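Index from 1, following the sequence. All values reported here derive from a predicted model rather than from experimental measurement.
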Amino acid sequence: MYTLIQKVIDLNESKMWYLTVISLIIILVVVMILRLEGRRKRILANKIPGPDGSIFIGLLPLFLQGPEKLISSGLKVYQKKMVSGGFNFKIIKSFIPIFYEESNVLNNILKQNYDLKSNECDISSPISMATMEMIGKTALGVKFYAQNGGRHRFVENLQTAMIAWEYRITHPWYLSKTLFRLSSVNKKHDQSQKIINDFTDEIINKKLDELNQNANNEKKVETDDEDISRKTKTVIEILLGNYHEMSHEQIRDELVTIMIGGQETTAMANACAIFMLAHHPDVQNKVFEELQSIFSIGDQNRSPTYEDLQQMEYLERVIKETLRIFPPLPVFGRSLEEEMQIGEYLCPAGSTLMVCPLFLQSSTQYFTDPEKFNPDNFLPDTCRSRHPYTFIPFSAGYRNCIGIKYGMLQMKTVISTLVRKNTFFPSDRCPTPKHLKLMFLTTLKFVDGCYVKIVPRTP
């Protein structure tokens with residue numbers, strides 16, 4: 001009996017040894033792949049002050065702390081480094097009625113969603129769906145019915161693709177394309193990406209046929225998946241005007257990028273702006289007084305005009321201050337086509353430089369009391385006293401976001417509409433701004449929603 005038990009033990013130990021050897025081989029292969037992919041870049045990167053340039057030594061410990069702690073941990077790293085050293089505007093204006101229409105739908109949905117006893121409401125999801133509907137109408141000319149709970153294949157698969165990207169960020173070894181192809185998430189991502197591309201191809205082809213038949217025809221075309229509105233010229237029509245200069249794939253990629261960038265970023269900014277107004281009643285009162293002055297003549301419930309939005313100077317400062325504290329894209333990269341000398345450090349060609357608006361815009365080097373919410377940070381004279389690149393929520397230079405003007409008009413329309421109709425207060429679930437939990441995935445996101453109290457204004 002003892003001999004039999006000993007054989008079983010020996011067999012199990014043999015299996016464990018075998019599995020251990022296989023695991024070590026897999027780990028070594030992963031390490032070799034990652035090291036071979038960027039040995040020279042890593043050597044030069046390690047000369048620059050900051051974390052070790054390798055994934056396993058320098059970056060993995062940061063990412064393994066989770067997306068919520070990534071911001072605070074990254075800030076500590078940044079502080080250590082700190083001591084060492086468009087669209088056609090006429091077309092954008094035509095989108096304002098769409099922004100206002102969907103803002104009113106959003107207002108009604110918030111009224112339906114807030115708790116009748118506490119007046120509390122998570123505004124993050126409703127604002128996100130409103131923004132999705134706006135970008136769908138203005139970029140693709142498509143009605144997603146996102147605010148009304150409609151299930152659209154583009155919206156659903158876009159969210160699946162974004163989740164896959166977030167998974168790669170929280171599991172940084174999958175940032176290697178070679179390794180990501182071996183994961184189960186890659187299959188889901190590829191399936192969703194194909195559906196997104198197929199849908200966008202359908203829209204492009206239908207638009208091309210439509211434009212070829214009659215470029216000036218303002219009719220409305222209905223399909224199984226969407227209604228194409230001809231009231232305004234959409235982004236897709238602008239791109240198709242350059243169809244002979246851009247490939248089909250380039251146009252498709254541009255549209256998908258606009259959908260992702262335009263939806264995620266402005267939704268976050270709108271929610272954070274309302275949240276900060278709820279926690280700063282003096283600022284909210286100033287915004288409301290400005291709106292009262294603008295809409296004092298004629299129908300106070302009318303849609304804002306472009307001229308109205310231009311007069312919302314204080315609200316614009318509020319939005320910029322929100323973007324300073326909560327940049328929707330807290331980190332972005334720039335790939336170097338050529339070697340570049342930055343100070344005493346050589347950055348090799350093919351490297352990716354990481355720029356962190358979240359940390360830059362909260363630096364005491366450029367902003368007094370940066371944790372304080374202060375729209376006066378964007379008074380004209382104050383802005384002129386700072387370097388222009390100390391505030392870059394939309395990036396900067398010739399590679400900056402093409403949707404800056406679009407985003408500002410959309411955010412002004414949404415926020416002004418909601419403030420005209422409601423007063424916002426802090427919720428019991430999130431009594432101070434410090435209680436708002438954020439995490440960094442592909443963009444800045446809420447951990448468990450964005451709660452405020454909503455009290456409709458009396459006519």
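Using bins of under 30°, 30° to 60° and over 60° for the plane-to-plane angle, the ring pair His171/Trp173 lands in the perpendicular bin. Relative orientation of the Phe373 and His280 rings is tilted, given thresholds of 30° and 60° on the angle between their planes. Ring geometry, Phe144 versus His152: the interplanar angle exceeds 60°, so the pair is classed perpendicular (tilted spans 30 to 60°). Ring geometry for Tyr406 versus Phe99: interplanar angle over 60°, hence perpendicular rather than tilted (30 to 60°).
A salt bridge is absent between Glu290 and Lys286: the closest approach of a Lys/Arg side-chain nitrogen to an acidic carboxylate oxygen does not fall below 4.0 angstrom. Residues Asp198 and Arg153 are not paired through a salt bridge, judged by the lack of any N-O separation under 4.0 Å between the basic side chain and the carboxylate. Ion pairing between Arg324 and Glu321 holds under the 4.0 Å rule for side-chain N and carboxylate O. Ion pairing between a basic and an acidic side chain is recognised when a charged N comes within 4.0 Å of a carboxylate O; Lys187 and Asp190 show no such pairing.
Between atom CZ of residue Arg420 and atom CG of residue Leu418 there is a gap of 10.5 Å, rounded to the nearest 0.5 Å. From Glu102, atom CD reaches atom CD1 of Ile109 across 8.5 Å, with rounding to the nearest 0.5 Å. Rounding to the nearest 0.5 Å places OG1 of Thr266 at 12.0 Å from CE of Met268. Between the CD atom of Gln361 and the NZ atom of Lys320 there is a distance of 12.0 Å, given to the nearest 0.5 Å. Note that NZ of Lys437 and NE2 of His435 are 9.0 Å apart. Values are rounded to the nearest 0.5 Å.
Using a 4.5 Å heavy-atom threshold, the side chains of Asn422 and Leu110 count as separate. A 4.5 Å side-chain heavy-atom check between Phe199 and Leu158 finds every atom pair outside the cut-off. When side chains are defined from C-beta on, Ile204 counts as touching Arg252, because their heavy atoms get closer than 4.5 Å. Between Leu309 and Ile96, some side-chain heavy-atom pair lies under the 4.5 Å cut-off. A 4.5 Å side-chain heavy-atom check between Val185 and Phe180 finds at least one atom pair inside the cut-off. Between Phe367 and Asn377 the shortest side-chain heavy-atom distance falls below 4.5 Å. A 4.5 Å side-chain heavy-atom check between Ser362 and Ile325 finds every atom pair outside the cut-off.
Annotation for Glu156: atom CD counts as buried by contact number, over 12 foreign heavy atoms lying within 6.0 Å. With a 6.0 Å radius and a threshold of 12 heavy atoms from other residues, nucleotides or ligands, Glu337 has its CD atom at or below the threshold.
A centroid separation of less than 6.0 Å is found between the aromatic rings of Phe391 and Phe378.
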- Item | Stepwise salt bridge (Lys or Arg N to Asp or Glu O under 4.0 Å) test for Arg317 and Glu313 | CA-CA 6 Å; Arg317 300 210 302 269; Glu313 295 178 358; 5.4 Å; no
- For side-chain contact (heavy atoms from CB on, under 4.5 Å), just list the numbers for Phe288 and Thr423, CA-CA rounded to whole Å, side-chain angles, deciding distance to a tenth of an Å, and then say yes or no. CA-CA 9 Å; Phe288 183 67; Thr423 305; over 6 Å; no
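The only option from Ser125, Ser128, Cys272 that meets the side-chain contact (heavy atoms from CB on, under 4.5 Å) definition with Phe446 turns out to be Cys272.
Gln410 and Asn270 share a side-chain donor-acceptor pair at under 3.5 Å. Between the side chains of Asp201 and Asn197, no donor-acceptor pair is found at a separation under 3.5 Å. For the residue pair Thr305 / Asp308, a side-chain donor-acceptor distance below 3.5 Å is found, with atom types taken as modelled.
Listed by first and then second residue, the salt bridge (Lys or Arg N to Asp or Glu O under 4.0 Å) pairs that reach into residues 262-271 are Glu264-Lys445, sequence neighbours excluded.
The two residues Glu339 and Pro348 make their nearest non-hydrogen contact at CG-CA, 3.7 Å. The two residues Ala161 and His189 have their closest heavy-atom pair at O-CD2, 4.0 Å.
With Arg457 contributing its side chain and Val419 its backbone, the two residues share a donor-acceptor pair below 3.5 Å.
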